[in-house]
Amino acid sequence: MGEIANIVNKNLETIQDLRSLSVLMVSISSLISQHFQEQLVNKTELLFDTIDSSQVNIARRIVQFLRNIKYTYYPLLERCNKVFLSNVNHLDLDSISKILSLYHSLQFHSFEFILMAKKRLTEMIPLFNHPASFAKLFVALGPMAGPEEKKQLKSTILLMSEELTSQQVLAVMGAMEEMESRNSCLIKKIASILHKHLDNYKPIELLKITQALIFLRFQSKELFAKLREVLLSYLKVSVMPTEISILVCALSMLPSPHLDEARISQIEAVLPQCDLNELNGFATYVLRCVQYDHMYLDNTTGKQLKLLQKLDHYGHQRLQKCNSLNLLWEELKSLKGDWFPDTLLEETVATLQRLMDEINYINVAGIASFISRTNYLSTSLLDRIASVVVQQIEKIHPFAILAVILPFSILNYDPPQKDEFFGTCIQHLNSYLSILDPLMLVFLGFSLATLEYFPEDLQKAIFNIKFLAKLDSQLELLRSSLNLRIQFRLMELNRAVCLECPEYQIPWFHDRFCQQQYNKDTTSMNGAQQQIYQMLAEILGGINFVKASVLTPYYYTIDFECILDKRKKPLPYGSHNITLEKLPKMYSESNTQITGSRLPPGAEKIALEFLDSRAFCRNIPHLKGKSAMKKRHLEILGYRVIQIPHFEWNSMARSTKDARMDYLREQIFGEGKS
């Protein structure tokens, strides 16, 4: 295969047949250099216009090549997607299933293709009565099916379940996890068939089974005992760090996750060879053991802490030795869990800063998305990202702009060339507003609103009947948790536009949604909030001078509210025409006014908010974007906003009740001791 790759390399300039080239690209993809990969991508772009729009197989092989080299190259993916869309009525189950799988691996989202694939697959439901074909249909259609189709799919797969092979039942279980299935009868049946086949699965498949069973809340002592037995039998003979990490990670999810000393020694022996993902897998195991011990044994063994120290050591060592940003990014992009941010984040940011000259148009979106996940504010990294984007914007695809903007929005940071950076990003998006995925547009709109940017073209693209209908149809395809998150973001964007850009005359249309969410809310005051509530009552003259958990117009909830007259004297609730406990009704007309409660002349409403650690960047006491936006909006609604950071409230200087009372008086009245 190396010889073949060499021949392709030598003859690349003269090759004119994309069909033959695409076959070769897939075959040699696992053993070619990054430079050669880029040459093949460029050659494919040049030859793409020479193929007929009906050449689905060529387009599929190109996407497969991109998946194999882990390169989400949007210009080629877009062109391949157009081929699939123009031929969707001729695609069979295998083709649709393969394309959806490739898109999922590349994290490429085409709402149009998914919608058309859903329609096509739904038409196929009555056509398949063979277990193998129906299992494939279940896996492809299940996660995006509507309620009626899901019901039909589940009832049919239940009838066929006994005839499924080990691989088919594994795929069905994965689809059920993605569907967030709560059909206990089907879960139990599929789990029982998995139980029969456990000895036939590879370590990575056993990890997927364990994750799915835990996610689906399935409980079975017999199945978990058998799963533990199979995992341990693999672990005893395994020598590969990746495989050992996978097995240990799966074992850590099971009841009683402890391993014997021989297995701990086995882990320690491979640590010098491990990458960050493997070290993270082992750390997850140790932390789950510690958690288990605290819950059931009330102690932690020394060997676990010793192993954790070694993991920390090798993690730091790996980062310090790293000399390639792209290799580091490969290890960082899928890291999850508590160990990494608690232990290695500082060192990782230092490594990224050391290698930041390597940030370019290809990796900038990935590095930006990593920073978004960490909540760590590194101004030098964000400045470098902004600089790369401004200089290389023509090479950055509009699909990547959201990832680039996100850390600035989340961390509430303006780079030195703020207007040029955000202006360049917005300008780059304009020609793509009608093409971008509806979900991406909502997230883009909200991220820019957090930064106080409200491009009129973007707002008009989102707030119109046609777009909102399109968004509704996409929401139906999503799992419930993501569906709700997007609805919240749309509501928050709608609120921001109404408050900050009334000249756009965009109506407020989220009353019903907000009321439903407010009625579901069961949160209660934490310890610090209860302390503040009692002290405020004492300072202001009684419990009737302060209100807790107040709902404002446009449905912000504020921790505490009080009112001072023009002489800074507290006013009691119920003593005059103040009716803040009643939420002003928001109507959907375009001339919606912000209606507040009538106050005596010269009086001011004060909103007091206790801010916990989630409101600030991880490394410095810098207010994050959403908290800054809330303060801005409350001020527009007529409040004087007092934010009480957790680090100030819990500081040594305010360790006594008197000190805290003085602090609150200072914030409210501008004075210290009474």
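No experiment lies behind these values; they were computed from the predicted model shown.
At least one side-chain heavy atom of V389 sits less than 4.5 Å from a side-chain heavy atom of C425. The side-chain heavy atoms of Y234 and L206, taken from C-beta on, include a pair separated by under 4.5 Å. Residues D275 and R318 form a side-chain contact, since some pair of their non-hydrogen atoms from C-beta on lies under 4.5 Å apart. In this structure, M173 and L213 have side chains that are in contact, with non-hydrogen atoms separated by less than 4.5 Å. Considering only heavy atoms from C-beta on, I362 comes within 4.5 Å of E38 through its side chain. With a 4.5 Å cut-off on side-chain heavy atoms, F224 and I214 count as touching.
Here the closest heavy-atom approach between residue L328 and residue C322 is recorded as CB-SG, 3.6 Å. Taking each heavy atom of L451 and Y413 in turn, the nearest pair found is CD2-O, 4.2 Å.
Between K136 and D94 a salt bridge is recorded (basic side-chain N to carboxylate O distance below 4.0 Å). Comment: E268 engages K310 in a salt bridge, judged by a side-chain N to carboxylate O separation of less than 4.0 angstrom. Salt-bridge annotation for E177 and K208: absent, with no side-chain N of the basic residue lying under 4.0 Å from a carboxylate O of the acidic one.
Of the N and O atoms on the side chains of N200 and E205, not one donor lies less than 3.5 Å from an acceptor on the other residue.
Side chain of T343 to main chain of F340: no donor-acceptor pair is present (N/O by atom type, distance under 3.5 Å, no hydrogens or angles). Judged by distance alone, the side chain of Q391 and the main-chain N or O of V388 form no donor-acceptor pair under 3.5 Å.
In N42, the CG atom is crowded: over 12 heavy atoms of neighbouring residues, nucleotides or ligands sit closer than 6.0 Å. Under a cut-off of 6.0 angstrom, the local environment of CZ in R182 is crowded, with over 12 non-hydrogen atoms contributed by other residues, nucleotides or ligands. For NZ of K333, the number of neighbouring non-hydrogen atoms (other residues, nucleotides, ligands) closer than 6.0 Å is greater than 12. Within 6.0 Å of atom NE2 in H104, 12 or fewer heavy atoms from other residues, nucleotides or ligands are found, so the atom counts as exposed in its surroundings.
Annotation: F647 is in aromatic contact with F616 [ring centroid separation under 6.0 Å].
Ring geometry for F113 against Y103 counts as perpendicular: the plane angle is over 60°, on a 0 to 90° scale with 30° as the lower cut. Ring geometry, Y74 versus F108: the interplanar angle falls from 30° to 60°, so the pair is classed tilted. Between Y73 and Y71, the angle of the ring planes lies from 30° to 60°, which puts this pair in the tilted group.
Annotation: the span from I7 atom CD1 to L24 atom CG amounts to 9.5 Å, rounded to 0.5 Å. Considering CZ of R61 and CG of L66, their distance stands at 13.5 Å, rounded to 0.5 Å. Separating the OG atom in S101 from the CD atom in Q64 is a distance of 9.5 Å, to the nearest 0.5 Å. Once rounded to the nearest 0.5 Å, the distance linking CD of E180 with OG of S481 reads 4.5 Å.
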Check the pair N9 / F36 against side chain to side chain contact (heavy atoms under 4.5 Å, CB included), numbers first and verdict last.
CA-CA 7 Å; N9 192 22; F36 191 11; 3.6 Å; yes
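The side-chain tip of R489 points at the ring of F446 from less than 6.0 angstrom away and within 45° of straight on.
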